[in-house]
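Every chain is numbered from 1, with letters handed out A, B, ... down the list of sequences.
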There are 2 protein chains.
Amino acid sequence: MMWRQEGKRKRTENAVRIGELSRRTGVTVPTIKYYVREGLLPPGELTSPNQASYGDPHERRLRLIRALLEVGGLSLAAIGEVLAAVDDRERPVHDMLGEVADRLVAEHAGEPDAETVLARERVARLIAERGWDADPDSPAGAALTAALAALARVGHGAFIEVLDAYARAAEEVARADLEFTARRVDREDLVETVAVGTVLGDAMFAALRRLAQTDASSRTFSTE
Amino acid sequence: MMWRQEGKRKRTENAVRIGELSRRTGVTVPTIKYYVREGLLPPGELTSPNQASYGDPHERRLRLIRALLEVGGLSLAAIGEVLAAVDDRERPVHDMLGEVADRLVAEHAGEPDAETVLARERVARLIAERGWDADPDSPAGAALTAALAALARVGHGAFIEVLDAYARAAEEVARADLEFTARRVDREDLVETVAVGTVLGDAMFAALRRLAQTDASSRTFSTE
DNA sequence: CATCATAGATAGTGGCGCTATCAGATAGCG
DNA sequence: CGCTATCTGATAGCGCCACTATCTATGATG
């Protein structure tokens, strides 16, 4: 694993040892060492054979890992891939977004059953109807297909009726996402913003949906 | 664990043995036995000391478990709690929805830090502004608080700018959910519909968001 | 009657995210 | 200078989870 060289940035901005890094982030020292071993966190800069110092980038990265893990619910393996995409500065932004998105969905291999075939057709139709520039066989499309097929298999295929409303809401959210990222001029920051926004945005939206459901449900069913 | 008695329904509608149940659902026999041991699936009806038959409800329940597990990403423990809520026919619908929603968010205990305190205030303000009948300290509110606090901690607190757009979209989705459930007259089915819709709806929306982002992103960044 | 499937029970497996322990070296303080 | 707390780097172990394997005794099936 190649870690981006900080070059001549010798400002020793906020160099601390591992104990202090642990105290600041609430992550235990063994866990920090474990993340370094796993290649998720760059090793500290050695000042002597058994002393290393960690700076702001380490603290930031560590907080990012914890956020993706605890709030985003990603596995460490998925986090590693997301971070690699974030660190790859050669990669076009659009490409990076796709890469991050792909890490968020579980793989569903195997022979497609009847429900999956039908669901895939529905997904393709939706994409065509909305004029989206997207592939039904991309990971995101496959995830949607899997969800629709699962609905059919559990006998709740009728729930697909909400699909268009969901798609409209998703467009709204995606528009807000893009407008926000468009305001980020700093490209360095933008890439991480997209990754964070994609992962934590899911968690945010799910929580908001739940709150809105609580409200709507309490109005409809009140106390009964 | 009490399993709902099917009463005098002796129609033997679709009784099969465990091997056939396994073949139909793609779940291995040992796994089915495991689910029965774990109380997720009712045991088959014994026809002799070492023969049991499984009917449609078993197949349905088994498919539901797999959908919640594979598509919804729930743990078996969470699935058990959701199923218990679904099976509890005494419980008011609104209550059940809350119960299911609560199973979907991870617990985040511990002393609240500065970011959490600020995030909680923002959540309370959002709820007040939108006039929602919801509690900022409910599991859903706490999940939103955790997400906002995490954004702040990773240095992307500005992403909170999209919050209102997300909230509007969430209202739209919740409205579609409620309209759909309102059309379900059968209360038996309704309860499961709400659970399935809540869990698989998250997966659906996340996938749709990803597709809409792909589209929006390809328009904005095109090939660069 | 031979073969296969089954119930029920117990033990084992593999992956994941840490956690414990250790040896040897250094930091920082009086 | 000595003393103790801390550090690096390495290896081993742990607890949880979702299975999976194996076994015995029994019954189904052709």
Nearest-angstrom distance from the residue atom CG of A:Leu62 to P of C:dC18: 11 Å
Atom pairs, N/O to N/O, protein against nucleotides 23-26 of chain D, distance under 3.5 Å?
unit_1, atom_1, unit_2, atom_2, d
D:dT26, O2, B:Asn50, ND2, 2.1

Phosphate-side-chain proximity, A:Arg66 and C:dC18, N/O vs OP1/OP2 below 4.0 Å: yes
Test item: A:Thr31 side-chain N/O and A:Val27 main-chain N/O as donor-acceptor pair under 3.5 Å: no
Distance in angstrom units between B:Ile32 CD1 and D:dT20 P, rounded: 12 Å
Proximal nucleotide (of C:dC18, D:dC19, D:dC7) relative to the A:Ile18 side chain: D:dC7
Residue B:Thr28, side-chain heavy atoms: nucleotide from D:dT20, D:dT8, D:dA28 that is nearest: D:dT20
Nearest-Å distance for atom pair OH/C1', residues A:Tyr54 and D:dG9: 10 Å
Distance in angstrom units between A:Glu38 CD and C:dG17 P, rounded: 9 Å
Nucleotide D:dT8, atom P - distance to CG of A:Leu41 in whole Å: 12 Å
Carboxylate-amine/guanidinium proximity below 4.0 Å for B:Asp56 and B:Arg61: no
Aromatic plane relationship, B:Phe159 with B:Tyr166 - under 30° parallel, 30 to 60° tilted, over 60° perpendicular: perpendicular
Side-chain (B:Arg209) to main-chain (A:Phe205) donor-acceptor, under 3.5 angstrom: no
N or O in side chain of A:Tyr35 less than 4.0 angstrom from C:dG17 OP1/OP2: no
Any donor-acceptor pair under 3.5 Å from B:Ser22 side chain to B:Ile18 backbone: no
Minimum heavy-atom distance A:Val36-A:Pro42, with the two atoms named: CG2-O, 4.1 Å
Whole-Å distance separating the CG atom of B:Leu46 from the C1' atom of D:dG27: 12 Å
For the student: nearest non-hydrogen atoms of A:Ala140 and B:Ala207, plus distance: O-CB, 3.6 Å
Taking only N/O atoms, report every protein-nucleotides 11-17 of chain D pair under 3.5 Å with atom names and distance.
none

Short side-chain N/O contact to C:dG17 OP1/OP2 from A:Thr31, under 4.0 Å: no
Full working for salt bridge (Lys or Arg N to Asp or Glu O under 4.0 Å) between A:Arg210 and A:Asp215: CA-CA 9 Å; A:Arg210 219 118 295 145; A:Asp215 172 64; over 6 Å; no
Side-chain ion pair, B:Arg23 and B:Glu20, N-O less than 4.0 Å: yes
B:Arg60: side chain to side chain contact (heavy atoms under 4.5 Å, CB included) partners, not counting sequence neighbours: A:His156, B:Asp189, B:Glu192
Nearest-nucleotide pick for A:Ser48, side chain only, options being C:dT26, C:dA7, C:dA5: C:dT26
Residue mapping more 5' on DNA chain D - nearest nucleotide basis, A:Val29 or B:Arg17: A:Val29
Who pairs with C:dG30 - Watson-Crick or G-U, where each distance is under 3.5 Å: D:dC1
Gap between atoms CD and P, on B:Glu20 and C:dA5 respectively (whole Å): 13 Å
